Amino acid sequence: MQMETMIGVIGGSGLYDIAGLEGASWVKVKTPWGAPSDQILVGRLDGVPMAFLPRHGRGHRLSPSDVPYRANIDALKRLGCTDVISVSACGSLRADYVPGDFVIVDQFIDRTFAREKSFFGAGCVAHVSVADPTCPRLGAACAQAISGVTVHIGGTYLAMEGPQFSTRAESQMYRAWGADVIGMTNMPEAKLAREAELCYASVVMVTDFDCWHESHGAVDVAQVIATLTTNSGHAKSMIARLPALLGASRAPCPHGCDRALDHAIMTAPTARDPDLLAKLDAIAGRVL
Ligand SMILES: CSC[C@H]1O[C@H](OP(=O)(O)O)[C@H](O)[C@@H]1O
Ligand SMILES: Nc1ncnc2[nH]cnc12
């Protein structure tokens, strides 16, 4: 069964707007989980519908802990998105991932603790698999869409709570754990995208070496912004190329992202909370 592709893009630090969408307008989307980070820019690129949401809001109003992750994912799903590309800044935890490089993240270590992490809970309990938390098909398309810059395919993203950057001891520990890059925002975003049965790819731009590297000073915002200013054009070019690569219609995801809830809900139909079920209309309506 073919369905229409709609690409959702969540823009991180340094990416608050995109140009070139045909018929573009900023739309306010209401969700049962509160307001998304901002209005969502909706239009078409190469005939493919696209929705762009600045994760921290225009003007970067929201800190990583305050981003309304559930509302953001619900809003994109509600608009009809099938595929979500997350674009973020990150620190590098490896000598060979240098500022300016892009990484297609495929694993996460979730160290966040002050965020709502699931759409499900009392009255409708569900457990989805996040063993492979990103969509390989979508990640490959992103890699293909990036040009003019080094792209590393695969990497483990350590999601920290923030907003402070890591201590040197933490940074060394995350390296010892095998994490490749560090950021503050991809969790619970990736987990929620899986619950929402959305294909999700995370594209991160390395902006600094965090604080572990002996020959680089500790990270500060000025460094991050300087690298982002030089590199956000590559992210925008990637977004512009994606519709042609993904196409206007798509088959079911070969990795099953769009069927993640098939066997996930534990709560017996008779024990489900009607209020929670109503909130889950967009996220889980397919299986409820
Ligand atoms: C300005 S550095 C810290 C900030 O940048 C990253 O944001 P995003 O992932 O949305 O690009 C990082 O996770 C922090 O939120
Ligand atoms: N070093 C770092 N730690 C956490 N988040 C980041 N975002 C960009 N650089 C970062």
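All ligand and atom numbering here is 1-based and tracks the order in the structure. Bear in mind the structure is a predicted one, so any value in this text is a computation, not a measurement. These values consider heavy atoms only, across backbone and side chains, with no hydrogens, waters or symmetry-generated copies. Residue numbers run from 1 in the order of the sequence given.
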Give the residue, atom name and distance (to 0.1 Å) of the protein heavy atom nearest atom 10 (O) of ligand 1.
H56 NE2, 2.5 Å

Provide the number and element of each atom of ligand 2 under 4.0 Å from a heavy atom of M184.
4 (C), 5 (N)

Geometry only, no angles: is Y157 polar-contacting ligand 1 at N/O separations under 3.5 Å?
no

Ignoring hydrogens and geometry beyond distance, is a side-chain donor-acceptor pair present between S37 and R58 at under 3.5 Å?
no

Would A89 count as being in polar contact with ligand 1, using the rule that some N or O on each side must be under 3.5 angstrom apart?
yes

Is the contact between V224 and ligand 1 made by the side chain, the backbone, both, or neither, using heavy atoms and a 4.0 Å cut-off?
side chain

Tell me if a side-chain donor or acceptor on R55 pairs with a main-chain N or O of S86 at a distance below 3.5 Å.
no

Checking contacts here: is it the side chain or the backbone of S13 that comes within 4.0 Å of ligand 1, counting heavy atoms only? Could be both or neither.
both

Closest to atom 7 (N) of ligand 2 by heavy-atom distance, out of A89, S92, S166, G162, is A89

Look at E161 together with R115 and state whether they make a salt bridge at an N to O cut-off of under 4.0 Å.
yes

Which ligand 1 atoms are under 4.0 Å away from a heavy-atom of P64?
15 (O)

Looking at atom 10 (C) of ligand 2, what's its closest protein heavy atom, distance included?
G91 N, 3.4 Å

Which residue and non-hydrogen atom of the protein lie closest to atom 6 (C) of ligand 2, and at what distance in Å?
I182 O, 3.8 Å

Does the plane of the ring in F209 sit parallel, tilted or perpendicular to the ring in H216? Use 30° and 60° as the thresholds.
tilted

For ligand 1 and V221, I'd like to know whether there is a polar contact (N/O to N/O, distance under 3.5 Å).
no

Report the part of R55 (side chain from C-beta onward, or backbone N, CA, C, O) that has a heavy atom under 4.0 Å from ligand 1; answer both or neither where that applies.
side chain

